[in-house]
Amino acid sequence: MSVRPFDSSLDLDDAAAILAARHRGDRLRFPILPASFEDESVVRQSLQETASFATGVAATGTEGRLTGFLLGIRRLPSPGDLDARFTTPRSTMMFAHGHAVSEKFDSFAAYHALYTELAQDWVRDGFFDHVVHVPAGRSEQPWFELGFGRHFAVAARGLQLLSGEVTSRIEVRLAGAEDVDCVMELSSSGSSFHASSPIFMPDMHRDTDRAFKEELARALVDEKQAVLLAHEKGQSVGMLRIAPARGSAMFLPDKSANIGDTAVVEQSRRLGVGSALLRASIAWARNNGYEHLTLRFHTANAQARSFWTGHGFEPVMYHLSRHIDERILWAREDSVG
Ligand SMILES: CC(C)(COP(=O)(O)OP(=O)(O)OC[C@H]1O[C@@H](n2cnc3c(N)ncnc32)[C@H](O)[C@@H]1OP(=O)(O)O)[C@@H](O)C(=O)NCCC(=O)NCCS
């Protein structure tokens, strides 16, 4: 097997055939994923777009036939950007819809060869955090062997109603522009929780609050999205954001709305507030023409995992990540340090 740069003028047809075949396999396990990506021409178009801005490598077999490919980008968020809340500086990301290996080949050998090529340039240039988005299930194994581990789960469900009791003491309403500070405070209780052990996601609010407040102020007056607030005895005790879903279209069920920041203040957790917010978000999604919900949770967040999967969300994709020990650069033989 040899590896060379991905060439859109040569590789798009074969790459689309390999990726569409992977998606057909994924849909046998997750019928909720969109059927449209079983069609090679739809996949080809999406790949063409991704390859126009990503760096790509292609693996070929003995007769020069494509056996697999991998497309990724470098990410350099500014410290104050909203993205900096979830993206480490100088990281890289390989798209779930930007890699696949033909079923006829050894997937570990192919991904090993492809990642070797991309990773050596990234590490040389000081990009030490590598992220790959991978369909849930057997596609993850080669990446585990390469030193990656789960970080976030991307999960989906339909709009079926929740079972269980509706708690009348909790009221849920739509937030408006005047609620911006209250929403910021509730969101910050979620960020503090994510900063605690064993999740350890840094709470970067000192850097990102300004961008977050501006974005929130826009969201609160945007009819296409909603911030839901839960109240108990006149106190705000929880929030949930919902908006049109974005991201890898191959992993977004048709007509999906995405649930973003969700947080219940510590003293009110496990008393039905989160469920009341989810009920209201299902109603909002139904009223706004959606058919599915998606969201993302940190796999080390036991509360979120049990809350979302207990309410019917099924992980369909994972964000796997690997941190390379920075000492690799100065410990090299040719390093002057
Ligand atoms: C996750 C969260 C929003 C759930 O809201 P909530 O009001 O606590 O949830 P509810 O009381 O409606 O539902 C409780 C159910 O969730 C699950 N759950 C919630 N906390 C749990 C915990 N600590 N351990 C295990 N299961 C838990 C259980 O299935 C539970 O049902 P049960 O009490 O009958 O066992 C809330 O716990 C929270 O804000 N956590 C911190 C921030 C966060 O993780 N946000 C989600 C980011 S994706």
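These numbers come from the heavy atoms of this one structure, side chains and all, not from hydrogens, waters or symmetry mates. Indexing begins at 1, ligand by ligand and atom by atom, following the structure's order.
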Atom indices of ligand 1 within 4.0 angstrom of [X] heavy atoms, with elements:
X: V273; value: 7 (O), 12 (O)
X: A263; value: 39 (O)
X: N301; value: 43 (C), 44 (O)

Query raised in the report: Going by the angle between their ring planes, with limits at 30° and 60°, are H311 and F307 parallel, tilted or perpendicular?
Result: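 Geometry flag for F307 against H311: perpendicular rings.
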
Query raised in the report: Can you say whether the rings of H319 and H133 are parallel (under 30°), tilted (30 to 60°) or perpendicular (over 60°)?
Result: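 The rings of H319 and H133 lie parallel, inter-plane angle below 30°.
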
Query raised in the report: Does ligand 1 have an atom under 4.0 Å from some heavy atom of H194?
Result: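 Right, H194 reaches ligand 1.
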
Query raised in the report: So is G272 close enough to ligand 1, meaning a heavy atom under 4.0 angstrom away?
Result: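 Judged by the 4.0 Å heavy-atom criterion, G272 does count as contacting ligand 1.
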
Query raised in the report: Does the protein put any heavy atom within less than 4.0 Å of atom 34 (O) of ligand 1?
Result: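 False for atom 34 (O) of ligand 1.
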
Query raised in the report: Are any of the protein's heavy atoms under 4.0 angstrom from atom 2 (C) of ligand 1, yes or no?
Result: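 Protein heavy atom within 4.0 Å of atom 2 (C) of ligand 1: absent.
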
Query raised in the report: Does the T67 side chain pair with the main chain of A59, one donor and one acceptor, at a distance under 3.5 Å?
Result: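 At least one qualifying donor-acceptor pair exists.
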
Give me the residue, atom name and distance of the protein heavy atom closest to [atom].
atom: atom 46 (C) of ligand 1; answer: T262 O, 3.5 Å
atom: atom 25 (C) of ligand 1; answer: S306 OG, 3.4 Å
atom: atom 8 (O) of ligand 1; answer: R270 N, 2.7 Å
atom: atom 23 (N) of ligand 1; answer: Q303 CG, 3.1 Å
atom: atom 12 (O) of ligand 1; answer: S275 OG, 2.6 Å
atom: atom 42 (C) of ligand 1; answer: F193 CD2, 3.8 Å
atom: atom 48 (S) of ligand 1; answer: W308 NE1, 3.4 Å
atom: atom 7 (O) of ligand 1; answer: G274 N, 2.7 Å

Does the side chain of [X] come under 3.5 Å of the side chain of [Y] through a donor N or O and an acceptor N or O?
X: E49; Y: Q45; value: no
X: S248; Y: H97; value: yes
X: S2; Y: T60; value: yes

Query raised in the report: Does a side-chain N-to-carboxylate-O contact under 4.0 Å join R157 and E314?
Result: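 The answer is no: the pair does not qualify as a salt bridge.
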
Query - Backbone or side-chain N or O of G190 under 3.5 Å from ligand 1 N or O - result: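 G190 vs ligand 1: no N/O contact under 3.5 Å.
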
Query - Side chain, backbone, both or neither: L271 near ligand 1, heavy atoms under 4.0 Å - result: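 For L271, only backbone atoms sit under 4.0 Å from ligand 1.
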
Requested in this report: For residues N258 and H292, determine if any side-chain heavy atom of one lies less than 4.5 Å from a side-chain heavy atom of the other.
Outcome: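 No; the side chains remain at least 4.5 Å from each other.
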
Requested in this report: Look at the side-chain heavy atoms of Ile, Leu, Val, Met, Phe, Trp and Tyr, link any pair under 4.5 Å apart, and say whether L293 and M317 land in one connected group.
Outcome: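 No, it is not one cluster - the side chains of L293 and M317 are not joined through contacts under 4.5 Å.
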
Query - Axial cation check for F144 ring with R150, 6.0 Å and 45° limits - result: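 Relative to the ring axis of F144, which defines the angle, R150 lies outside at least one limit.
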
Query raised in the report: Considering F152, F307, F297, which one's heavy-atom position lies nearest to atom 13 (O) of ligand 1?
Result: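 The residue whose heavy atom sits nearest atom 13 (O) of ligand 1 is F307.
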
Query raised in the report: In a check of side chain to side chain donor-acceptor pair (under 3.5 Å) between D129 and each of T87, T92, T88, which one passes?
Result: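 That would be T88.
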
